[in-house]
Structures are given as C-alpha cells and as structure tokens.
J.: 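The structure that follows is given in the form of structure tokens.
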Amino acid sequence: NTTRLCNFQIPIFKSPDITKAWGSNTERLLRIEDHDFTMRPGFGGPAVPVGVDVQVESLDAISEVDMDFTMTLYLRHYWKDERLAFKSNHNQSMTFDSRLVKKIWVPDMFFVHSKRSFTHDTTTDNVMLRVYPDGKVLYSLRVTVTAMCSMDLSRFPLDTQTCSLEIESYAYTDDDLLLYWKEGNRSLNTDKGISLSQFLIQEFHTTTRLAFYSSTGWYNRLYINFTLRRHIFFFLLQTYFPATLMVMLSWVSFWIDRRAVPARVPLGITTVLTMSTIITGVNASMPRVSYIKAVDIYLWVSFVFVFLSVIEYAAVNYLSTLQERKERKLRERLPCTCGMAHPGMMSASYSEVDANTTGNYGIPEENGVKRERMLVQLAMESAQVTGHVGTSAYSNAWIDTHVIDKYSRVIFPGSYILFNIIYWSIYS
C-alpha cells in the first residue's frame, strides 16, 4: 500500500489593525481628509480667538548666576474650528492623544526668551486633545521650560525679584490670531505645594501686551508674572553673622598690651584673611555684575573696619617707639639724676608700670602725694639754667600713645553700630 502525503494550504486570516481602524474611523467622523488643516480656521476672515489658561505645577529652580528660572506647567488652549464639528446624539466630546494633533491645525505657541523647553513624554506624550460636537477644541500639554529672568541684584540678598514667562504665537500676527487669557487673572492657577528654598513666592498674576517686530508685525503676547522675595535667614547665618563676628574679634586687640606684638599682629592678620575668604565665597556664587550689591557694601565696610584695626596697632606701635626715643634723648640731656633711679633701672621700671603712671617712672608716693612727672620738671629747671632747651620740646615727648587704644575702644564699636543702623534701615 502506498501512502500519499498531501500538502494542504490553510488560509491565514490577519486580525485588523486596531490603530488603523481607529484612525480611519476618527478621520471619517471628523472629516480630516475633507479639509486643509494647514490653514487656520476661518482663513481670510477675522482673527481666530485662542483662549489660554495655565496650571503651574512647580517652580523648580531660580539661578542668579545664569539669571533664569525653570517652571513646569500645564498649558491649555481653547479655540473653535468648525471643520472639526461632528454629529453626536448625546452631545459628548471626544478625547484624543498626540496622534491626532499632528493631523489638524493647532496654535503655534512658543515661549519668548526661553533657553530650554520640552514636552514630557513619560509614559507617553503628555498631550491631550478634546473635541466638542460644535467644533470647540481644548488642547492641553505638560511642559517644562527654562526662561530668562532679568534680575536686579543691587539689593541682594535683601532683594525682591519679578520674573515673567511670555507666551506668543510664532507665525500668526494679531490679524490672524487673537491670543488672550480665557478668564483674565483667574486663568492662572498654581499648586498649593509650590515652594522654593531661597525664595518666598509672593504673587502670581497675568498680563497681556502687544509685541512688535519690524519685519513681521504685531503679535499678542501673554505674560505669567510672579514675584519672589528672598529668604534672608540663610545669608544671616552664612555671611552677615561671620562678618560681624570677625569685626568684633578685631576689637579685642584694643585691650591687649601694646607691647604684646605676637598677640596683636596675628589676631589682626587672621581677621583680615577670614574676611577675604568670606568675600571670595560670596562672589563665587554670584554673577559678575558691574554694580555694587548690598552684601558687597556690608562685607567691604566690615573688611575696612578689620583692616583699620591693624593700621591702628601699627600707629600705636610707631608712636610708642617714637616716644621711647624722645625719652631716651631727654634722659641723656639731663644735667643731673640725683635722687632718681639709675637709667637702666628706670627703663626696667617703665616697662612694668601702667601707661597712665609712666610719668612717675615707678617712684613711690611720699606722704600720700604723687611726684608727678619729675623728669619733665627737672628738664624744665635745666632749661631755665642753660637757656637752650624749651619747655615745648619736652612737653611733646609725653604723648600718651595708649590714648589711641582708649579712643578706638569707643570709636570702632560706635561707628560699626551706626553703620549697621543705617544699612538695615535702608535695605530692610
């Protein structure tokens, strides 16, 4: 018996493409192929009104260095295109995704002065199109945009900044497209959870203006304006308090003995270098503007106070040296030192007594009465005998250089307190 094997061809029936079926049904319902959607609605007639409203989802970042801000928002457009009208028994709208957007006319909005922007596409394109039976259209998309914000930092960090996000049609002038806020100032809504680490968001509001381009004409432009006030507490902790403490630390040298050079000089140098570090750190995080900021005024005035405390000690040290030289010459010209200590002992005694009793040279009181400035008295008597030495020459030798420190203890703190009162009254 012979067995024959026969090949039978079984017909394979492919399932219809749902996507194509959806597309064809939608296009037939909206009559996409019957119209030229490269032209705006009502071409040749009056301008098509396009209403806009915005839901601000987040204000992500504010950069002083780049002078820009980043915002995520839901941008919604409303207009009427009678070419998309369809019959509906229940007067229900139809909602579509981004696939239909590419086949119909939509407003060509763009963000003026934007640096970067993109439409979110996770998990799919965040685009929604809703068409109503009478031809009204709602077009919504979720966008993140980074736009320029011209900041005036002259009052930084006690400043308030106003930034704007500007929306405009790229191709259609006001003769073809009338762009407006759908419900005025109520067209702008914000999430309650919006907050920034450095700023307090004070206000959001909308405005509308006309923008003119010399080569193309007039365009409607919508503005999303928001006002930001900077939080000062961070800068108080990181900048103002350290600078103030460095200035106060420099005043400590006024209470240190003028002969303690190893104590006063390093203290002055340390405070100067610390102030330089604070100034450098603040300017490193700021744009290189050509004007003076409020924080610059405070830091540089503080730096001047610290620097002057070093100069003050240099003056004290110089005058002390000058005084000692004059006293040495005075002792050499005295005709007699009877009843007084040896010059070597006198020098040691001077180095141990207080500056206010320097004129006594360590001579003890007799019968409760101080012998005041005996050296000058002897010099004056010698001048009367010889007739060569004037009293004014010896009076100048008794300059008390400690007076500079005493005055500095009052003048420096008083001046700095006055500066703070004026500074905070102006910038607060």
Side-chain angles (χ1 to χ4, degrees), residues 22-55 73-88 91-114 117-120 125-143 145 147 165-184 187-188 206-224:
W22 172 88
S24 59
N25 292 334
T26 302
E27 292 175 3
R28 282 198 301 268
L29 179 63
L30 299 178
R31 295 171 297 169
I32 300 295
E33 300 297 334
D34 297 341
H35 304 283
D36 182 9
F37 282 96
T38 59
M39 311 297 290
R40 69 172 179 87
F43 179 76
V48 54
V50 177
V52 175
D53 69 39
V54 170
Q55 174 78 30
L73 51 91
Y74 297 94
L75 181 62
R76 305 185 182 98
H77 313 73
Y78 302 85
W79 74 95
K80 185 175 183 179
D81 191 344
E82 295 181 352
R83 295 172 296 183
L84 296 176
F86 61 92
K87 295 181 179 180
S88 175
N91 198 28
Q92 292 181 346
S93 62
M94 294 190 299
T95 302
F96 307 96
D97 56 20
S98 60
R99 287 174 291 179
L100 185 63
V101 173
K102 300 176 181 179
K103 298 180 179 181
I104 67 171
W105 180 91
V106 293
D108 57 339
M109 298 296 109
F110 81 104
F111 298 101
V112 185
H113 304 309
S114 65
S117 61
F118 63 91
T119 302
H120 290 261
D125 292 339
N126 294 176
V127 176
M128 185 267 288
L129 185 73
R130 182 172 295 168
V131 182
Y132 294 87
D134 58 354
K136 291 181 179 180
V137 182
L138 165 60
Y139 174 47
S140 175
L141 62 161
R142 181 168 173 253
V143 183
V145 56
L165 182 63
E166 306 171 17
I167 306 172
E168 183 181 307
S169 171
Y170 189 83
Y172 297 101
T173 64
D174 61 340
D175 294 329
D176 292 319
L177 190 146
L178 177 61
L179 196 62
Y180 67 98
W181 289 110
K182 188 172 183 292
E183 296 181 3
S187 300
L188 178 61
T206 62
T207 53
T208 305
R209 297 177 186 172
L210 284 174
F212 177 74
Y213 299 91
S214 58
S215 57
T216 54
W218 292 90
Y219 295 80
N220 294 113
R221 182 178 296 181
L222 305 181
Y223 292 80
I224 302 174

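Every value quoted in this text rests on a predicted model; they were computed, and no experiment measured them.
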J.: Can you tell if the side chain of Met109 reaches within under 4.5 Å of the side chain of Ser169, non-hydrogen atoms only?
T.: yes

J.: I need the Ser93 OG to Lys136 NZ distance, nearest 0.5 Å.
T.: 12.0 Å

J.: Between atom CG of Asp134 and atom CG of Asp81, what is the distance when rounded to the nearest 0.5 Å?
T.: 11.0 Å

J.: Please report the shortest heavy-atom distance between Tyr213 and Tyr219, naming the atom on each side.
T.: CD1-CD1, 3.4 Å

J.: Return the minimal non-hydrogen interatomic distance between Gln92 and Pro133, and the atom names on each side.
T.: O-CG, 3.6 Å

J.: Could you go through Asn220 and Leu210, starting from their C-alpha distance and side-chain angles, then the distance that decides it, and tell me whether this counts as side-chain contact (heavy atoms from CB on, under 4.5 Å)?
T.: CA-CA 5 Å; Asn220 294 113; Leu210 284 174; 3.3 Å; yes

J.: To the nearest 0.5 Å, how far apart are CH2 in Trp181 and OH in Tyr223?
T.: 11.5 Å

J.: On the 0 to 90° scale, with breaks at 30° and 60°, tag the Tyr139-Trp79 ring pair as parallel, tilted or perpendicular.
T.: perpendicular

J.: Restricting to non-hydrogen atoms, name the atom on Arg142 and the atom on Tyr74 that form the minimum distance, rounded to 0.1 Å.
T.: CD-CE2, 3.6 Å

J.: May I ask you to check whether over 12 heavy atoms, not counting those of Phe110, lie within 6.0 Å of atom CZ?
T.: yes

J.: Applying side-chain contact (heavy atoms from CB on, under 4.5 Å) to Gln55 and Asp53, what does each step give before you reach the verdict?
T.: CA-CA 7 Å; Gln55 174 78 30; Asp53 69 39; over 6 Å; no

J.: How many angstroms lie between atom CG of Asp176 and atom CZ of Phe43, to the nearest 0.5 angstrom?
T.: 7.0 Å

J.: Is the CD atom of Glu183 crowded by more than 12 outside heavy atoms at less than 6.0 Å?
T.: yes

J.: Start with the C-alpha distance between His113 and Phe111, add both sets of side-chain angles, then the distance that settles ring pair (Phe, Tyr, Trp, His ring centres under 6.0 Å), and finish with yes or no.
T.: CA-CA 6 Å; His113 304 309; Phe111 298 101; over 10 Å; no

J.: Using a 4.5 Å cut-off on heavy atoms from C-beta on, say whether the side chain of Glu82 contacts that of Pro41.
T.: no

J.: Is there side-chain contact between Val101 and Leu141, with heavy atoms separated by less than 4.5 Å?
T.: no

J.: May I ask you to decide if Ala171's main-chain N or O and Asp108's side chain share a donor-acceptor pair within less than 3.5 Å?
T.: yes

J.: Taking Met128's backbone N and O only, do any of them form a donor-acceptor pair with Ser140's side chain (distance below 3.5 Å, no angle check)?
T.: no

J.: Given Arg209 and Glu166, is the side-chain contact (heavy atoms from CB on, under 4.5 Å) satisfied, shown in steps?
T.: CA-CA 10 Å; Arg209 297 177 186 172; Glu166 306 171 17; over 6 Å; no

J.: Atom CG in Leu100, atom OG1 in Thr95: separation rounded to 0.5 Å?
T.: 11.0 Å

J.: Hey, are the side chains of Val50 and Tyr172 touching, using non-hydrogen atoms and a 4.5 Å cut-off?
T.: no

J.: Any side-chain heavy atom of Val112 sitting closer than 4.5 Å to one from Arg221?
T.: yes

J.: Counting C-beta onward and ignoring hydrogens, is there a side-chain heavy-atom pair between Phe118 and His120 closer than 4.5 Å?
T.: yes

J.: Could you please spell out the steps behind the side-chain contact (heavy atoms from CB on, under 4.5 Å) verdict for Val54 and Ile224?
T.: CA-CA 9 Å; Val54 170; Ile224 302 174; 3.9 Å; yes

J.: To the nearest 0.5 angstrom, please state how far the CZ atom of Phe212 sits from the OG1 atom of Thr173.
T.: 11.5 Å

J.: Has Arg83 got a side-chain atom pairing as donor or acceptor with Asp36's backbone, closer than 3.5 angstrom?
T.: yes

J.: So which heavy atom on Ala147 is nearest to which on Leu165, and how close?
T.: CB-CD1, 3.9 Å

J.: Measure the shortest side-chain to side-chain distance between Val137 and Leu129 over non-hydrogen atoms and say whether it is less than 4.5 angstrom.
T.: yes

J.: Is there a side-chain contact between Leu179 and Val52 (heavy atoms, below 4.5 Å)?
T.: yes

